[in-house]
> 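One structure coming up, written as structure tokens, with questions to follow.
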Protein chains: 2
Amino acid sequence: MTERPPTPVRLRTAAVELFAERGFNGTGIRDIATRAETTLSSLYHHCGSKDDLLVDIMFTTIEPLLRAAEKVRATLAGPAEQLSMIVEQHVWAHGVDPQANIVSDTEVRALSGERRDQIIVLRDAYEEFWQETVAEGVQDGSFDVEHPRIVTRALLEMCTSVSHWYRPTGELALDDLSHLYADRALALMGARSRRSDLQIPEPAHFLG
Amino acid sequence: MTERPPTPVRLRTAAVELFAERGFNGTGIRDIATRAETTLSSLYHHCGSKDDLLVDIMFTTIEPLLRAAEKVRATLAGPAEQLSMIVEQHVWAHGVDPQANIVSDTEVRALSGERRDQIIVLRDAYEEFWQETVAEGVQDGSFDVEHPRIVTRALLEMCTSVSHWYRPTGELALDDLSHLYADRALALMGARSRRSDLQIPEPAHFLG
DNA sequence: GTCTATATGCAGATAGAC
DNA sequence: GTCTATCTGCATATAGAC
């Protein structure tokens, strides 16, 4: 009963899968067209060049995370609450669509020039939300950690790596995994509180 | 006064640099020969195929880490001491030669067949040292953490990511960075002790 | 919108002289 | 051991019919 998705969707899905598995440079455009059960010309008709396809995947993956972090910062009060929620959004996103996030997180080097710069701006703006949240937490005594900028970057990379191993069939459902990571993020920052102590509205969805 | 290294060394260095910057599939064998200031035939003469070169880089990068972890487990007493030291070795190695470690950690997918399997065996054996150490710490009460296997993997990836951003000109020297990561590893595992409380012989070098 | 056919260049790898 | 010259195939991208 499942309808076959329209061609542009199939192309995009195939590209995400192959870029994640074999890398951008390890994937041929014919591989993409073949997996999407269409032709090379169809790919160029719908998606433009191979680079265009990569940029599109990256943008539509990173941008919602950036907007979600923005919303968390504008909505929740308290650095512990904000950091927990940002971590949970990030882990959830990386668990629910690991392939698109692997591509976004590892293939920036395949781009060059202006388009590369634009993606890096997005990525840096996103990290800055994490950094600001932690800095405020250190300021107001919610967190107690040396070299907070370095530890925050370590935390971000720790959460990102979820996309490399998480499988929904494992010991934890994605919601539980997100909570676990938020709890460990607080431990990493030397917070007095734990995730389960916090008052956070549930369900809290800030991702489109 | 610095002598130019012999050709095989220059080739290896060039390959590590380029594989780290552009990825294995983004690097041409001519690029490697050119950067090493030699020729394509010389590359094949000394290094064999492009795949051989990658496998050699990976093996000589991962194997010392595995042996170091083995030595730590055989030499130091107590899970907190062992985990701290394993973390420090790992962070130090990833900071002192980020490029070789980036290649080893991200280009496994470029291999296939038996050689790929061999690298994965090494990598899994290495992770198992981390997992056993943490499991023993949970067992004897040194650590207090839910889902230790998942958190240990998260820790490992956090430490690995050092290779993506660490620069020796930054705010921390590599020894201090290693100590910081060891300390945060203990926090992540819910250890009562901190890195500065532990009795660990200094300098402790387990890497060749 | 989707197809077949093709232009153009670079990839990995090797031959054989010196 | 290092060189120049070359084989072979696949890469991205496009032309033009239907």
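Below, each value reflects all heavy atoms present in this structure, side chains not excepted, and no hydrogens, waters or symmetry copies. First the proteins, then the strands, lettered A, B, ... as listed; each starts at 1.
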> Rounded to the nearest 0.5 Å, what separation is found between the CG atom of L122(B) and the OG1 atom of T61(B)?
11.0 Å

> With respect to the phosphate group of dG1(D), does any side-chain polar atom (N or O) of S42(B) fall under 4.0 Å of OP1 or OP2?
no

> Nearest of dT14(D), dA15(C), dA13(C) to any side-chain atom of K50(B)?
dA13(C)

> Would you say the side chain of S49(B) and the base of dA13(C) hold a donor-acceptor pair, judged only by whether the two atoms sit under 3.5 Å apart?
no

> Any donor-acceptor pair under 3.5 Å linking the side chain of Q99(A) with the backbone of V16(A)?
no

> Nearest-Å distance, CG (L11(A)) to C1' (dT2(C))?
12 Å

> Closest-nucleotide mapping onto DNA chain C: is G48(B) or P8(A) further toward the 5' terminus? I mean the 5' end.
P8(A)

> Whole Å only: how far is the CZ atom of R30(B) from the P atom of dC10(C)?
10 Å

> How far apart are the closest heavy atoms of A80(A) and L198(A), and which atoms are they?
O-CD1, 3.7 Å

> May I ask you to check whether Y181(B) and H90(B) place their ring centres under 6.0 Å from each other?
no

> In whole Å, what is the span from the CG atom of L53(B) to the C1' atom of dG12(C)?
13 Å

> My understanding is that only residues two or more places apart in sequence, or in another chain, count here; which of them pass salt bridge (Lys or Arg N to Asp or Glu O under 4.0 Å) with R10(A)?
none

> Taking only the side-chain heavy atoms of H45(B) (C-beta and beyond), determine which of dC3(C), dG1(D), dT14(D) contains the nearest atom.
dG1(D)

> Rounded to whole Å, how long is the line connecting atom CZ of R22(B) with atom C1' of dA11(C)?
14 Å

> Select from S41(A) and I29(A) the residue whose nearest nucleotide in DNA chain D is closer to the 5' end of that strand.
I29(A)

> Using only side-chain N and O atoms of T7(B), determine if any of them is under 4.0 Å from OP1 or OP2 of dT2(D).
yes

> What nucleotide, of dG1(D), dC3(D), dC3(C), holds the atom closest to the side chain of T39(A)?
dC3(C)

> Out of dG1(D), dT2(C), dT4(D), which nucleotide sits closest to the side chain of H46(A)?
dT2(C)

> Rounded to whole angstrom units, what separation is found between the CG atom of L40(A) and the C1' atom of dC3(C)?
11 Å

> Round to the nearest Å and state the distance from Y44(B) atom OH to dA13(C) atom C1'.
4 Å

> Round to the nearest Å and state the distance from N25(B) atom CG to dA11(D) atom P.
11 Å

> Given atom CG of L43(B) and atom P of dT14(C), what is their separation to the nearest angstrom?
12 Å

